[in-house]
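First comes the structure, then the notes that go with it.
Bear in mind the structure is a predicted one, so any value in this text is a computation, not a measurement.
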Amino acid sequence: MLALLAVGGLRLALPRRLAVGPDWLLLLVIGVLISLYLLARKVGSHRCSVILGHLMVAVVTADMLWSLYLLVAALPSHRESSEDLLRSACALWVANILVFASWYWRLDAGGPHIRELRADHLDGDFLFPQMTLTTLAKREMGEEFWNPGFVDYLFLAFNTSTAFSPTDSPVLTRWAKVLMMLQSMISLATVVLLAARAVNIL
């Protein structure tokens, strides 16, 4: 939830013409969805909370993609200043990491609720290093009941946006590979096209 709110905050760094509606709109929508999500969890409606969780990530993903499209489409017109381009590139790059970290967190191995029900994380869509350890090695390292947390997926998303590869965690399933390709494409468009254009203007 904090990651999604951060994405809404990053939207404030974008020029006004690169976003749909007022600057505060995304934060308001996320806030409402988070409130409904927490209410669903409080009343024990697991299915509803899962749907709302996916909807939250889908909303920020759509907003980020639309902002990126508007920014790339505006490049030939030279309407954006170099400062705006650099600020927008940085904001969209960080948003890209947070959005896809949220997707990986939501989808890997059935989602966070299913993962928490398991004593140990042995099977998933990503092969984390801890999953390759022997039982003895896990016991010695105090990782007998290791489960990936949000930071693990944030690290995975950061590496994908920076190195355009998952680095230490191989990708095992097709949906994860598709998401990683999409994340790398967005990062490439943001870093290469927008940042390079801004540096050229400078």
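Note that the CG atom of L38 and the CD1 atom of I34 stand 7.0 Å from one another [nearest 0.5 Å]. From W66, atom CH2 reaches atom CG of L70 across 5.0 Å, with rounding to the nearest 0.5 Å. The OH atom of Y69 sits 12.0 Å away from atom CG of L71, with the distance rounded to the nearest 0.5 Å. Interatomic distance, CD1 of I30 versus CG of D63, reported as 8.0 Å (0.5 Å rounding). The OG1 atom of T61 sits 5.5 Å away from the CH2 atom of W103 when rounded to the nearest 0.5 Å. Taken to the nearest 0.5 Å, the CG atom of N96 stands 6.0 Å off from the OG atom of S187.
Classification of the Y104-W175 ring pair by plane angle, with boundaries at 30° and 60°, yields tilted.
When all heavy atoms of I97 and A157 are compared, the pair lying nearest together is O-CB, 3.4 Å.
Surrounding CZ of R41 are at most 12 heavy atoms belonging to other residues, nucleotides or ligands under 6.0 Å away.
Two residues are said to be in side-chain contact when any heavy atoms from C-beta on lie closer than 4.5 Å; T160 and L179 fail this criterion. At a threshold of 4.5 Å between non-hydrogen side-chain atoms, the residues V60 and M64 do not count as touching. The shortest side-chain heavy-atom distance between L98 and L4 does not fall under the 4.5 Å cut-off. For the pair V171/D125, no side-chain contact is recorded, criterion being any heavy-atom separation below 4.5 Å from C-beta on.
With sequence neighbours excluded, the residues satisfying salt bridge (charged side-chain N to carboxylate O under 4.0 Å, His left out) with R87 are D84.
Alongside M181, the hydrophobic cluster contains V178 (criterion: ILVMFWY side chains under 4.5 Å).
A donor-acceptor pair under 3.5 Å links the side-chain atoms of D152 to the main chain of G149, judged by distance alone.
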